[in-house]
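One structure is given below, encoded as structure tokens.
For ligands, and for the atoms within them, numbers begin at 1 and follow the listed sequence. Nothing fancy with the numbering, it's 1 onward along the sequence.
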Amino acid sequence: EKGGYPDFMLKEIHEQPRVVRDTLAGRMVGGALKISELGMSLEELQLIDRVYVIACGTSYHAGLVAKQLIEAWARIPTEVEVASEFRYRNPIITPTTLVVAVSQSGETADTLAAIREARIKGGKVFGITNVIGSPVARESDGVIYTKANKEIAVASTKSFLGQVVSLTLLSMVLAQAKGKFTQAQTRLLFGELADTAEQIERILADTTAIEEAALACKDANDALFIGRGMGSAISYEGALKLKEISYLHAEAYAAGEMKHGPIALLSKGFPVIAVATQSPVYDKVISNIQESRTRGALVVAVATEGDEEIRKHADYVIYVPRVRDAFSAITVSVPLQLFARAIAVARGCDVDQPRNLAKSVTVE
Ligand code: M6R
């Protein structure tokens, strides 16, 4: 049932082009983007003046991506919060607050408690989950089902991708409702979003550079993932994936924070994985890479195809196809998943069943 793959994680990573296609299927109707399951009228959408994305673990990281998109596109202030914090801190929720609860399993205790809290306070709750009929689906006002299908590996990969694509659609719908996107702009973006399926296939077709970089890092005790903007959001997921399956201590930082502390950790051979794809902050990331390298760091850069310049700054370069910055989390997450898995395999870890972790966390 692993379909010829050595583990479920690798099988699930390879399912991601299908997840993109299935998540988008049937969404563009007569040239208009629709999420009929939202359970909200256009007027209600127009009134939204604050968004909270609440989730745990990897799903929280999908929320970090969503914040970038909702604020950039719909211009609605958006906070992302781990559910275990949100539920206990008396968050400010009004009838025009949209709470987006993201949970693969749909049964994470803290996320459910946060949904209940939000509804008691009168907010609208929208769930994003992979499990049909799960508590998150039942208790939300509206729901998008991610089309990942059952995920067996404890470390989430394809569900994360399904969440990011679903949240991207939600961000586009909000932008449309707020009058920030014309239908033509939405269609253009939708087309580019659909293209990421094929771009992921290209990444999966040749993973040599990822494996080489992983071998160079496998004996490290610690690693840092850095990026800015979208690259910062995805760095958090890269670090979590690595630590949960390989037990290599990894942290993520917004790259601009390096000189405010973490740079003290660096010494010869310390792996720094930098998300350096084309974006408005590319040059700033390069400066952060340089400051790391000066301290002896071993730099693995994830960069855009065609960027030869980056080879001067990095020890290893992993290329991803060129996409607009808004969609870079989708493409960049794939090599980071493969990187974590390659290190875990090289360290002899059970990638599907990491120690101390369970697939769903139904206790506080
Ligand atoms: O089922 P959920 O999405 O609510 O689960 C949240 C986290 O427990 C989950 O993402 C966890 O961090 C995974 N081990 C990530 O790979």
Side-chain angles (χ1 to χ4, degrees), residues 7-13 15-16 19 52-66 80-87 99-116 118 125-140 143-167 225 233-248 250-252 329 333-334 336-341 343-344 349-364:
D7 46 75
F8 283 108
M9 183 178 180
L10 190 59
K11 173 175 181 270
E12 289 166 358
I13 289 172
E15 284 174 47
Q16 293 179 115
V19 174
Y52 281 113
V53 186
I54 46 172
C56 306
T58 284
S59 302
Y60 167 77
H61 297 149
L64 297 180
V65 174
V80 193
E81 195 159 355
V82 290
S84 54
E85 290 295 314
F86 181 88
R87 62 180 290 195
V99 175
V100 183
V102 187
S103 173
Q104 183 284 128
S105 63
E107 57 181 12
T108 297
D110 282 318
T111 308
L112 266 177
I115 289 176
R116 290 172 189 152
V125 178
F126 190 66
I128 295 188
T129 180
N130 196 36
V131 179
I132 295 175
S134 59
V136 164
R138 289 199 309 267
E139 298 200 26
S140 300
V143 64
I144 294 188
Y145 287 112
T146 49
K147 301 286 168 40
N149 296 346
K150 190 168 174 55
E151 189 176 62
I152 292 174
V154 167
S156 187
T157 54
K158 61 175 182 169
S159 333
F160 172 75
L161 205 90
Q163 290 167 347
V164 169
V165 176
S166 302
L167 287 161
F225 286 70
I234 201 65
S235 292
Y236 286 93
E237 176 56 8
L240 178 65
K241 218 80 300 169
L242 183 58
K243 70 184 120 183
E244 67 181 342
I245 60 170
S246 75
Y247 318 134
L248 194 162
E251 296 302 332
S333 65
V334 179
L336 294 185
Q337 295 162 351
L338 289 163
F339 177 75
R341 179 189 168 277
I343 291 184
C349 301
D350 179 346
V351 294
D352 286 341
Q353 294 282 333
R355 69 187 181 205
N356 307 338
L357 292 178
K359 186 67 188 163
S360 66
V361 183
T362 52
V363 291
E364 251 200 77

*Could you list the atoms of ligand 1 found under 4.0 angstrom from a heavy atom of V154?*
13 (C), 14 (N), 16 (O)
*To the nearest 0.1 Å, how far is atom 11 (C) of ligand 1 from its closest protein heavy atom, and which atom is that?*
T58 N, 4.2 Å
*Q104-ligand 1 polar pair, N/O distance under 3.5 Å*: yes
*Between F225 and Y236, is the ring centre distance below 6.0 Å?*
no
*Do I13 and K158 have side-chain heavy atoms sitting under 4.5 Å apart?*
no
*Test item, K359 contacting ligand 1 (heavy atom, 4.0 angstrom)*: no
*Residue-ligand contact A155/ligand 1, heavy atom below 4.0 Å*: yes
*asked:* I'd like to check H61 versus Q163 (side-chain heavy atoms, cut-off strictly below 4.5 Å). Are they in contact?
replied: no
*Considering only protein heavy atoms, which is closest to atom 8 (O) of ligand 1, and at what distance to one decimal place?*
V361 CG2, 4.0 Å
_Pair K241, T58: side-chain N/O donor-acceptor within cut-off below 3.5 Å_ = yes
*asked:* What's the separation between atom CG in N356 and atom OH in Y247, rounded to the nearest 0.5 Å?
replied: 7.5 Å
*Who pairs with T146 by side chain to side chain donor-acceptor pair (under 3.5 Å), at least two apart in sequence or on another chain?*
N130
*Which part of E107 is near ligand 1, with near meaning a heavy atom under 4.0 Å away: side chain, backbone, both or neither?*
neither
*asked:* Going by the closest heavy atom to atom 3 (O) of ligand 1, which one wins out of G57, C56, S59?
replied: S59
*Might you work through the side-chain hydrogen bond (donor to acceptor under 3.5 Å, both in side chains) test for T129 and Q104, ending with a clear yes or no?*
CA-CA 5 Å; T129 180; Q104 183 284 128; over 6 Å; no
*Salt-bridge contact E12-R341 (side-chain N to carboxylate O under 4.0 Å)*: no
*Please state which protein non-hydrogen atom is closest to atom 4 (O) of ligand 1 and give its distance, to 0.1 Å?*
T108 OG1, 2.4 Å
*Among E237, K241, E151, E244, which one has a heavy atom closest to atom 13 (C) of ligand 1?*
E244
*Could you establish whether L357 and ligand 1 come within less than 4.0 Å of each other, counting only heavy atoms on the residue side?*
no
